[in-house]
Amino acid sequence: LPPESNKNQIRVVFFANISHAAPIVGMENGYFSDQLGDTKIQSRVVDSGPAAIETLFANSADLAYVGPAPFVNGYVKSGGHGIKILSGAANNGASFVVQSDSEISKPSDLAGKKIAAPFVGNSQDVSLRNYLAENGLKPAEKGGNVIIYNIANAEITTIFSKKGIDAAWVPEPTATMLVENFGGKRLFQEQDIWPDKKFPSVLLVGRTEYVEKHPDIIKKWILANQKSIDWINQNPQQAESTFINFYKKHTGKTLNQNIVHTSFSTIEYTSKIDEKAISLFAQRAYSLGYLGRNGYNLDDIYANSMEIKQWQN
Amino acid sequence: MAKLEAKNIVKYFDHDGQPLKALGGINFTVEEGDFVCLVGPSGCGKSTFLRIAAGLQKPDEGQILLDNRPITKTGPDRIMVFQEGALFPWLKVRDNVEFGLKIAGIPETERHQISDRYLDMMQLSKFANSYTYQLSTGMRQRVAIARALVMDPEILLMDEPFAALDAQTRDLLLVEMQMIWQKTKKTIIFVTHSISESTVLGNKVVVFTHRPSTIKKIIPIDHPRPRLAEDETLIQYQKEISALLRPEVKATEEKS
Amino acid sequence: MAKLEAKNIVKYFDHDGQPLKALGGINFTVEEGDFVCLVGPSGCGKSTFLRIAAGLQKPDEGQILLDNRPITKTGPDRIMVFQEGALFPWLKVRDNVEFGLKIAGIPETERHQISDRYLDMMQLSKFANSYTYQLSTGMRQRVAIARALVMDPEILLMDEPFAALDAQTRDLLLVEMQMIWQKTKKTIIFVTHSISESTVLGNKVVVFTHRPSTIKKIIPIDHPRPRLAEDETLIQYQKEISALLRPEVKATEEKS
Amino acid sequence: MKVKSLAKKTAFYLAIIVVWQGLYSANIWPPSIFPSPYNVGQTLWYGAIDGSLWLGIGTSLWRLAAGFAIAAFGGIALGIFMARVQTVNETIGSIILGLQSIPSVAWAPLAIIWFGLTDAGIIFVTVAGALFAVTINTYTGVKSINPDYIAAAQNMGAKGEQLITKVLIPAAFPYLITGFKQGWAFGWRGVVGAELLFSFLGLGFLLNIGRQLSDVSQVLAMMLVIMIIGIVIDGLIFKRLEDKVMARWGLR
Amino acid sequence: MKVKSLAKKTAFYLAIIVVWQGLYSANIWPPSIFPSPYNVGQTLWYGAIDGSLWLGIGTSLWRLAAGFAIAAFGGIALGIFMARVQTVNETIGSIILGLQSIPSVAWAPLAIIWFGLTDAGIIFVTVAGALFAVTINTYTGVKSINPDYIAAAQNMGAKGEQLITKVLIPAAFPYLITGFKQGWAFGWRGVVGAELLFSFLGLGFLLNIGRQLSDVSQVLAMMLVIMIIGIVIDGLIFKRLEDKVMARWGLR
Ligand SMILES: Nc1ncnc2c1ncn2[C@@H]1O[C@H](COP(=O)(O)OP(=O)(O)OP(=O)(O)O)[C@@H](O)[C@H]1O
Ligand SMILES: Nc1ncnc2c1ncn2[C@@H]1O[C@H](COP(=O)(O)OP(=O)(O)OP(=O)(O)O)[C@@H](O)[C@H]1O
Ligand SMILES: [Mg+2]
Ligand SMILES: [Mg+2]
């Protein structure tokens with residue numbers, strides 16, 4: 001059974017995406033360990049938001065950096081008790097990429113096409129399915145004619161390169177890699193279709209039980225998170241190479257500097273939280289049937305310990 | 001004094017939802033040290049009676065008294081020997097013989113002493129470490145008898161123990177059985193479908209009627225031992241039993 | 001003229017890597033319309049000879065000539081009837097009988113006409129739509145014979161076809177077999193281990209020696225038909241064959 | 001007796017639902033981990049209404065059917081080949097036994113790489129699951145054919161293809177059915193496993209959606225559907241086929 | 001004869017490798033899709049050297065052992081219970097047959113939600129795969145015990161736990177072994193399938209890494225390892241156990 005959460009350790013999960021630079025840089029530069037002192041940090045890289053939420057629910061992690069859609073799903077599924085938002089981490093950083101030799105230029109061209117997005121319930125998946133729905137298209141499993149593949153980013157890359165799919169709604173650096181290395185064409189960046197031309201893409205969320213038991217540790221973590229974000233914004237170039245190092249360590253693959261640079265430039269690192277956008281994600285997820293059929297509410301999504309509140313914007 | 005007393009034993013079975021009356025009120029008495037043979041048409045309920053006496057089944061009416069106390073459950077004072085021996089194929093001969101002792105928690109050395117004695121009596125010492133499939137049918141039946149004797153029961157209940165044997169082996173065991181009885185002074189109830197077997201072995205032969213069966217007659221066999229299957233003087237008994245059984249067997253055949 | 005001529009047939013088998021000489025040079029001639037019975041000790045190679053004649057096996061030396069042409073492969077001019085009939089359990093009686101015709105591509109109506117005739121001859125018409133497991137052993141053997149006759153072979157090769165039958169059924173079929181032979185004028189080679197059967201059926205009885213077997217003697221049986229198993233006049237032949245076989249059977253037993 | 005047993009069964013299933021609902025109401029586990037029978041029923045109901053359930057079932061069954069058909073034909077051919085040609089048996093035969101011990105899901109990664117996320121990939125996994133069971137049973141079946149059947153058929157002129165279709169296959173049919181039963185069970189495992197991993201339509205995909213949305217109702221609903229399909233195919237198709245063949249062979 | 005067959009086999013395996021290498025060299029498919037035997041061997045070699053292979057094998061085997069042990073104990077208990085108590089059989093028994101037809105991977109999503117990404121979750125899937133096969137075979141085994149054995153044992157004083165351990169289990173043992181064999185095969189499928197889906201250590205995880213990196217050498221290498229483990233466990237453990245028991249029962 002999963003190890004007990006205790007005061008002497010904190011377990012955190014995040015992805016190897018560029019939008020997750022905050023935890024990555026924080027770990028690489030030692031901001032978290034400096035802040036937390038004796039508390040041991042266990043970090044783990046997961047594939048997707050749903051996997052991150054799974055890990056939290058399974059009491060195998062205490063903190064997670066995830067997109068708003070998986071957060072909302074986890075929050076609603078746990079009756080509003082299981083997880084809480086602690087801070088923001090990034091906005092933007094996802095694109096819709098099509099095969100450059102494909103005829104796709106407008107939504108109606110997507111009929112009959114194969115499109116990939118990472119995992120059901122992930123933020124890109126929600127955005128993609130919402131985009132299709134808004135344009136009157138239905139996925140194959142509901143009897144429509146658009147086939148959606150929910151697979152890991154690495155596999156999206158492979159299959160895209162073999163022309164096994166026509167398009168992909170993916171986070172960075174995958175999106176730029178598809179464009180630069182595998183003959184993809186960026187149809188649009190996701191923020192382009194948001195009302196404010198930006199959307200929250202990474203949130204820091206915590207397992208409620210842990211957050212309530214260890215507010216002091218959480219406080220320190222949030223501080224370090226802020227420090228990491230600030231550093232990224234001040235040293236973009238160094239942040240890029242930190243990411244490249246990390247990526248090499250994690251996957252064994254060396255990322256092209258260009259790709260990382262392009263990716264970085266699309267993302268905004270911030271701890272601010274766009275509440276309106278989160279409820280829009282929830283609304284979309286609900287209409288996709290992801291949140292059950294009995295309504296939902298987002299009244300209590302923030303960790304409500306006063307001590308923490310003051311560190312939130 | 002009566003060792004065992006059957007009092008109006010009635011037993012029903014369920015046959016496809018219909019009740020079938022197998023035993024229709026069995027009454028008879030077995031004295032201490034008696035050798036009683038039960039004969040009757042097939043399916044009349046001899047085995048059923050034996051199982052009730054062993055406490056493995058319950059009668060629907062009546063009761064069997066053992067030393068004047070009603071039998072309520074099975075116990076090692078009445079050990080049954082089955083037609084095929086019911087030896088455990090996963091145990092060696094010695095372990096088969098010692099099974100009941102082990103269950104009773106008797107320590108190993110003592111167990112071995114006891115089993116050695118009976119293996120010797122049954123001329124099986126050389127096969128103590130064989131598995132049962134390595135024995136002939138006759139040897140297996142001797143193991144079954146040894147396994148029963150080891151328990152030192154007051155009553156031995158034997159259900160056609162020699163039915164599966166060839167003629168020669170059976171004749172040998174008929175003589176051995178008489179010797180065992182004389183040596184051990186056990187009370188024995190012995191079911192057989194062979195009339196000759198019943199006259200060779202029994203002090204009394206109890207003849208069952210067809211189903212629902214009752215006791216038709218009890219025939220005392222007065223004849224010196226050891227008796228042999230060929231004994232001409234036994235023929236008169238055999239004829240009498242045959243005559244008693246014939247209408248019962250016929251009735252059984254007509255019913256089915 | 002000789003219908004079939006065995007010329008110095010030799011056959012080896014591989015027994016755990018060792019060659020075993022089954023047939024040691026078989027020579028004999030079968031005339032057109034002959035009814036030849038082969039007898040010999042068990043394992044001497046009678047079935048092997050039959051399979052070679054059917055073209056299902058190849059001899060290691062020598063050859064069998066059919067109408068003066070060496071046999072090279074199996075064919076419907078020589079149909080074999082097996083001991084257990086080798087009927088196909090997945091086919092109805094009629095389909096079993098028609099099997100060879102179907103293989104030959106004969107259209108359904110014609111097939112039915114032919115099979116009807118032989119089913120009638122074998123008194124099986126009522127069972128045309130039964131599966132073979134629904135028949136008695138004797139009926140099954142008749143189906144096997146019908147299946148063979150339907151092919152209208154020049155030679156019928158029968159390998160102990162009556163061995164599995166009870167005495168009454170066999171006696172019946174012995175008579176029927178003779179009638180079939182007289183009606184159809186087929187050449188028949190018939191293997192049996194029953195000396196009486198061989199004298200009842202055969203015009204000639206061919207006696208094999210033990211392995212590696214050769215022909216010990218060919219005995220012509222001159223006796224009017226239909227012959228019955230009880231015919232006393234056949235006894236002299238049977239005694240002769242018995243006497244011929246006795247040392248061969250003994251030699252076979254000593255070897256194994 | 002039968003009525004009593006049916007009553008017991010009904011009572012038992014009702015009891016399960018009641019206990020389940022009771023546990024749910026007792027709130028020992030959060031509803032996200034332990035949904036009520038009503039939730040599960042609702043999930044099924046909505047799936048049935050919006051058609052996604054039927055689509056999923058249809059997709060999975062079509063893949064199963066395609067894969068099974070290939071495995072049955074291929075397995076029979078391979079099995080007969082192995083049984084009739086000693087060298088084939090000594091070589092290919094020894095590999096088949098090894099391949100049989102690979103779990104069918106383990107073929108999925110290879111299938112994804114070779115075939116991509118296509119029906120072909122999932123069918124490949126299904127075939128890999130079912131093929132060897134059919135092959136091995138066909139082999140055993142053909143090996144156990146009474147040699148007199150074959151001799152008799154050859155003697156009556158059967159050879160080549162006719163020998164195979166008119167004698168070898170029907171004679172080995174009881175074994176073939178065992179092979180089909182095992183093969184379909186492994187194939188079904190392959191379909192569901194591959195759909196889970198490919199996440200490309202079908203019941204396994206719906207199951208995976210349930211997993212990724214942490215939607216236990218969906219997961220349980222899909223398991224129920226998978227179980228019912230298993231029972232139905234086994235009971236309706238294969239059990240009946242078996243009974244029929246056994247009756248014809250005079251074995252029952 | 002035996003030597004000849006062995007020679008044939010060796011020649012055949014060599015031929016496979018040669019043809020494989022030939023196909024590779026012919027460059028029909030890109031090496032990323034169709035690696036050479038040398039690549040696969042290299043992958044295995046590196047895995048063996050850096051220890052990840054042994055760790056994977058160890059992890060998978062430990063999960064298999066744990067799950068199988070639970071399934072064996074639970075299955076025997078459940079099977080005996082079903083065989084000896086009519087009501088249990090009429091109720092739980094009917095469910096078991098249904099559960100048996102659920103592919104073991106289909107339990108994985110539930111296991112993930114309930115147990116998280118833990119050994120316990122994978123073991124749960126293994127148990128779900130193996131349990132019912134052991135149960136059903138134990139049930140059949142106990143039902144087929146010669147009733148005289150039980151009567152004789154009771155008559156000699158055996159009851160309760162002694163009756164179970166000294167008579168029911170040994171008497172049903174040939175069936176138990178069939179159950180174990182089926183159970184382990186399903187359990188092994190469960191382990192590999194769950195590891196693929198959980199992606200949490202073990203051979204299935206290594207297979208999944210190969211998949212995600214589109215590293216066919218890694219995929220083939222791991223399939224080879226999974227196959228060899230399957231053959232070894234089946235041949236060394238279960239075949240021997242079976243032979244021994246069969247010999248003791250006088251059945252061989
Ligand atoms: N467990 C049972 N369930 C149902 N019917 C039974 C059962 N045991 C015995 N019977 C029936 O009770 C009758 C008596 O059976 P029993 O075995 O006692 O006869 P038997 O005299 O020993 O016959 P046999 O000489 O053939 O051994 C038979 O008709 C049998 O069918
Ligand atoms: N396919 C085979 N492989 C190896 N040995 C064989 C084969 N067929 C027959 N034999 C051997 O050849 C010898 C002759 O066999 P065959 O069956 O022809 O004897 P048979 O005279 O028909 O005996 P029976 O009267 O018992 O039927 C026997 O010793 C047998 O063991
Ligand atoms: Mg009886
Ligand atoms: Mg023969």
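In what follows, chains carry the letters A, B, and so on, assigned in the order in which the sequence lines appear, proteins first and then strands, with residues in each chain numbered from 1.
Of all heavy-atom pairs spanning D:Leu55 and A:Ala140, the tightest one is CD2-O, 2.6 Å.
Under the 4.5 Å side-chain criterion, counting only non-hydrogen atoms from C-beta, D:Phe200 is not in contact with A:Ile151.
For A:Phe160, there are no ring-ring contact (aromatic ring centres under 6.0 Å, His included) partners two or more places apart in sequence or in a different chain.
The contact between D:Leu117 and chain A is made by backbone and side chain atoms together, counting heavy-atom distances below 4.5 Å. Of the atoms belonging to A:Leu291, not a single heavy atom falls under 4.5 Å from chain D. For A:Phe119, the parts sitting under 4.5 Å from any heavy atom of chain D are the backbone and the side chain alike. Neither the backbone nor the side chain of D:Leu197 has a heavy atom closer than 4.5 Å to any heavy atom of chain A.
Residues from residues 67-81 of chain D never place a non-hydrogen atom less than 4.5 Å from a non-hydrogen atom of chain A.
The ring-ring contact (aromatic ring centres under 6.0 Å, His included) contacts involving residues 202-235 of chain D comprise nothing, where partners must be two or more places apart or lie in separate chains.
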So between chain A and chain D, what donor-acceptor pairs come in under 3.5 Å?
residue: A:Glu54; atom: OE1; partner: D:Arg211; partner atom: NH2; Å: 3.4
residue: A:Glu54; atom: OE2; partner: D:Arg211; partner atom: NE; Å: 3.2
residue: A:Asn73; atom: ND2; partner: D:Leu213; partner atom: O; Å: 3.0
residue: A:Lys77; atom: NZ; partner: D:Leu213; partner atom: O; Å: 2.8
residue: A:Val120; atom: N; partner: D:Gln212; partner atom: OE1; Å: 2.8
residue: A:Lys142; atom: NZ; partner: D:Asp50; partner atom: OD2; Å: 3.2
residue: A:Tyr149; atom: OH; partner: D:Leu117; partner atom: O; Å: 2.7
residue: A:Lys162; atom: NZ; partner: D:Ile113; partner atom: O; Å: 3.2

